[in-house]
Amino acid sequence: SVLENDSVTGDVLVADGTNHRIWIHDRHTGELKGSVGSPGRMAGQFFWIDAIATDSMGNIYTGEVDSGKRVQKFLLKNGDGVRRIRPLEY
């Protein structure tokens with residue numbers, strides 16, 4: 001699953017079920033900016049992530065299949081801990 005998170009910052013989020021991660025790429029260059037998650041069944045970890053979506057408040061939702069079978073909700077925050085509607089918004 002691929003989600004273009006923000007046309008202003010140009011981030012594209014890719015749900016990678018094989019590697020149990022969300023990859024963050026620059027929409028314009030394709031450059032890898034980072035990743036979120038790791039294999040597992042705890043909060044923030046993924047087991048066969050299959051879907052990714054966002055709402056108007058900037059929350060990110062992920063869905064897992066196979067025996068994962070759950071939805072997780074993530075709030076976007078910068079390193080300063082302040083909640084952002086868009087990544088890297090100051």
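All of these numbers come straight from a predicted model, not from anything done at the bench. Each residue takes its place number in the sequence, starting with 1.
A heavy-atom distance below 4.5 Å is not found between the side chains of T54 and N59. With a 4.5 Å cut-off on side-chain heavy atoms, S38 and R21 count as touching.
One distance of note links CD1 of I22 with CD1 of I52; it measures 4.0 Å at 0.5 Å rounding. With rounding to the nearest 0.5 Å, the separation of OG1 in T62 from NZ in K73 is 12.5 Å. The NZ atom of K33 sits 11.0 Å away from the NE2 atom of H25 when rounded to the nearest 0.5 Å. To the nearest 0.5 Å, atoms CD1 (I24) and OG (S35) are separated by 7.0 Å.
Put simply, the side chain of Q72 gets close to the backbone of G44: a donor and an acceptor are under 3.5 Å apart.
Applying the side-chain hydrogen bond (donor to acceptor under 3.5 Å, both in side chains) test to D16 and every residue at least two apart in sequence or in another chain returns N19, W23. Here H20 pairs with F47, W48 under the ring-ring contact (aromatic ring centres under 6.0 Å, His included) rule; sequence neighbours left out. Scanning for side-chain hydrogen bond (donor to acceptor under 3.5 Å, both in side chains) contacts around S67 gives R41, with sequence neighbours left out.
Closest approach of D55 to Y61, counting heavy atoms only: OD2-OH, 2.9 Å. Of all heavy-atom pairs spanning I49 and E64, the tightest one is CA-CG, 3.9 Å. Between M42 and R70, the shortest heavy-atom contact is O-NH2, 3.2 Å.
L32 and V14 end up in the same hydrophobic cluster when Ile, Leu, Val, Met, Phe, Trp and Tyr side chains are linked at under 4.5 Å.
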